[in-house]
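Just below is one structure, and these are the notes that go with it.
Computation of the quantities below employed the complete heavy-atom set of this structure, encompassing side-chain atoms and omitting hydrogens, waters and symmetry-equivalent molecules. By convention in this document, chain letters (A, B, ...) are assigned in the order of the sequence lines, proteins followed by strands, and residues within each chain are numbered from 1.
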Amino acid sequence: MKIYAPLDSVALALGGDAVADAFTAAGCEVIRTGSRGMHWLEPLIEAETDGARVGFASVEASDAEGIVKSLASDPRPHPKFIGAIDELPWMKRQTRLIFGRCGVVDPASAADYEAHGGIRGLKRALSISSDAVCEEIAASGLRGRGGAGFPAAIKWKTVAAAGGDRKYVVCNADEGDSGTFADRMIMEGDPFLLIEGMTIAALAVGAAEGYVYLRSEYPVAARVLAKAIDDAYAAGLLGANVLGSGRAFDLELFIGAGAYICGEETSLLNSLEGKRGEVRAKPPLPALEGLFGAPTLVHNVLSFCAVPAIVADGGRAYAAVGVGKSTGSMPFQLSGDIKYSGLFEAPFGLTLRDLVEDIGGGTRSGRPVRAIQIGGPLGAYLPPAMFGAVVDYEELAAIGAGVGHGGIVVFNDSVDMAEQARYAFEFCAEESCGKCTPCRIGAVRGVEIVGRLMSGEDHAKNMEVLGDLCDLMVDGSLCAMGGMTPIPVRSALEHFPEDFAFPSNKRIFVSGSENSQ
Amino acid sequence: MGGTSDQSIRIGAIVEAFVGRTGGLISALRAVQDEFGFIPPETEEIAAAAFNLSRAEVKGVLSFYSDFRRKPPGCVVVRLCAAESCQAQGGRELVREISRRFALSPGKTSASGDLTLENVYCLGLCSVGPAASVDDCLMARAAPEAIAAAIEEKWRSQKGSRA
């Protein structure tokens, strides 16, 4: 009997290895896969009988024998039986353009990847001109999934048109935003997709070398991806003669060393050169002067992973999904205090309420939702009154928020938004690269100012200073780290003013602490 | 070069393997740390010579990245996620409770050298927080009792392997 047991970090952190071992001990053939994304059900295993797969949720090692026994007759009465995964409403509602294979295929098998529709994009890319590939990307309307949402085709065409005989493609897999884990999941569950996407991109822009810059906090992803790269060489997908085309592409995995700022592309490039991960001033754009000064195409994992389907099925088909200028699908990552946590890939166009309340099921704790943070540590805090907003790049920008990398973190009514605002500055102070003053010093001053507001000291004056500081960081910072730290701070101030008020019925101040009035 | 002790020779051999590689210095420092558990001080001079850099440049890289340790860590290293998604799931309380139980604040190693406690900003386990790791073992929905038990278990097995 075949058992599919996840090796995804989430499953491992919930005892997934012991579960897999227990099925092996029970005489099953165990195939380790990625996660299907329903993290509240992990470890979720699937059993294959007569070619069909059925799932069992929240499995423990001690369940293995009983599950195997139940499969011999009728598994349906088993308390952990949840039926065919693809038929579950949470899965059926998704449009999995990127994650379709994740949790289904064996991430250690290039053959399995191809058997499930992989390599089609690369084959088509090799059969048409590089310009035609770039045109498919343009027709798709794909925008960078790392956070900035910059049109991918403009980058591709810039790098393709740049002179010089050495160019690079670099994958930004430094997924440091809290509340995001899509990059990790796809690298653990379907690593050949990333390899295929990067290969297509490299051939289209004329690069023969590529790097995946992976954060060190993802050891499972590192292990799976490293093996996939080796296997891709062995299968002729990488190397001097990609799929017999006579064209070369070499891909290497590079592990970072613990620095959030290296998710910023110029900082990442410095780090990849073996230097301190300090940001560079732009211009020059990395597309013209990137790694070692050569034209470099830098994309997030999900951007590269969107490429194979776009090239295989055409950019127009991809653009038909989504809304307005936000084409295609977004793998939303639901976390924090949320009942149905995990990865939900859907076309742009859902509302925040759809994602938080309907799909996410509200809080796991049962307490009321008070706020969400969307788009990582540099993203806005929004109250439930704004959950009618449609999730696309333009509409969120209009309410002072951003899609970012698609992470949504839910906070219940116990959250102290002043504490969250102070944390935004603390995080910036901890992770600032130190290159520019507004970020390096401003973050430290921000921690102090919010602290004073929280203790009631010179409250009115400090509110004013905080506003000035935010202006200065937005206007004067070299990159998004300092430039966007004011977003969580200001959104918290704007939407949750009661948490910053003086006097306050929420906070107890020492008497006379508003000493300037 | 940084002396001719056995350790220096080993560091030299490790570092040498990364010369000429992209991002070689960072990978070399990681390999040295993998071998020794931290980066011995003589590494600065050895790496500077191998990569044709100044010692200041090597030190600059070494001090920039939070993974690199310049002192040996405790026998067990516990990392607790301090970022937003875990905060929303009781992460702050978890950090406080573990700090209290082991009388150790994040970023510190106990005087006895048996435990290092660190903050980490995201292990990618946001959907099942609060997240923690005890050495290489990932933990989801981490309760103080489970973390304490995992630490005790590591100590026991370390004692066992030494005996």
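For chain A, the option among B:Leu25, B:Leu53, B:Ile26 with the highest count of heavy-atom pairs below 4.5 Å is B:Ile26. Between chain B and the options A:Gly176, A:Ala259, A:Ala371, A:Ser216, the largest number of non-hydrogen pairs under 4.5 Å is found for A:Ser216. Your options are A:Tyr218, A:Trp40, A:Phe181, and the one with the most heavy-atom pairs under 4.5 Å with chain B is A:Phe181. For the set A:Thr180, A:Leu291, A:Val409, the count of heavy-atom pairs under 4.5 angstrom toward chain B peaks at A:Val409. Of the listed residues (A:Glu175, A:Glu42, A:Gln420), the greatest number of heavy-atom pairs within a distance under 4.5 Å of chain B belongs to A:Gln420. With chain B as partner, the option from A:Ser341, A:Ala182, A:Gly342 having the largest number of non-hydrogen pairs under 4.5 angstrom is A:Ser341. Note: B:Arg30 leads B:Arg30, B:Met139, B:Arg21 in heavy-atom pairs under 4.5 Å with chain A. Among A:Ser335, A:Ser178, A:Ala257, the residue with the largest count of heavy-atom pairs under 4.5 Å with chain B is A:Ala257.
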Worksheet item: Step by step, would you call B:Arg141 with A:Arg364 a side chain to side chain contact (heavy atoms under 4.5 Å, CB included)?
Response: CA-CA 12 Å; B:Arg141 304 219 187 282; A:Arg364 181 169 187 261; 3.0 Å; yes
Practice prompt. Check step by step if side chain to side chain contact (heavy atoms under 4.5 Å, CB included) holds for B:Tyr65 and A:Ser271.
Written response: CA-CA 10 Å; B:Tyr65 296 96; A:Ser271 184; 2.9 Å; yes
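Looking at heavy atoms from C-beta onward, B:Thr22 lies out of side-chain contact with A:Phe254 at the 4.5 angstrom threshold.
Neither the backbone nor the side chain of A:Gln333 comes within contact range of chain B, judged by heavy atoms closer than 4.5 Å. Heavy-atom distances place the side chain of A:Glu252, and not its backbone, under 4.5 Å from chain B. There is no contact between A:Tyr168 and chain B, counting heavy-atom distances below 4.5 Å. Residue contact with chain B, scored on non-hydrogen atoms closer than 4.5 Å, involves the backbone and the side chain of A:Leu272 alike. Only the side chain of A:Ile261 comes within contact range of chain B, with heavy atoms under 4.5 Å apart. Contact of A:Cys433 with chain B is made through backbone and side chain together, with heavy-atom distances under 4.5 Å. With a 4.5 Å cut-off on non-hydrogen atoms, A:Val10 touches chain B through its backbone and its side chain both. Heavy atoms closer than 4.5 Å to chain A are found nowhere in B:Ala28, neither backbone nor side chain. For B:Gln89, the part sitting under 4.5 Å from any heavy atom of chain A is the side chain, from C-beta outward, and nothing else. Proximity to chain B involves both the backbone and the side chain of A:Glu419, based on heavy atoms less than 4.5 angstrom apart. If you measure heavy-atom distances from A:Pro377 to chain B, the contacts under 4.5 Å come from both the backbone and the side chain. Only the backbone of A:Glu273 has a heavy atom closer than 4.5 Å to any heavy atom of chain B.
The pair A:Glu217-B:Arg79 does not meet the salt-bridge criterion, since no charged nitrogen lies less than 4.0 angstrom from a carboxylate oxygen.
The distance from the OG atom of B:Ser85 to the CG atom of A:Asp177 is 11.5 Å, given to the nearest 0.5 Å. Between the CZ atom in B:Arg92 and the OH atom in A:Tyr423 there is a gap of 8.0 Å [rounded to 0.5 Å]. With rounding to the nearest 0.5 Å, the separation of CG in A:Leu12 from CG in B:Asp136 is 12.0 Å.
Scanning residues 108-133 of chain B against chain A with a 4.5 Å non-hydrogen threshold yields B:Val120, B:Tyr121, B:Cys122, B:Leu123, B:Gly124, B:Leu125, B:Cys126, B:Ser127, B:Val128, sorted by number.
Checked against salt bridge (Lys or Arg N to Asp or Glu O under 4.0 Å), A:Lys435 has no partners two or more places apart in sequence or in another chain.
Within 6.0 Å of the OH atom in A:Tyr340, the count of heavy atoms belonging to other residues, nucleotides or ligands does not exceed 12.
A donor-acceptor pair under 3.5 Å is absent between the side-chain atoms of A:Arg276 and the main chain of B:Glu57, judged by distance alone.
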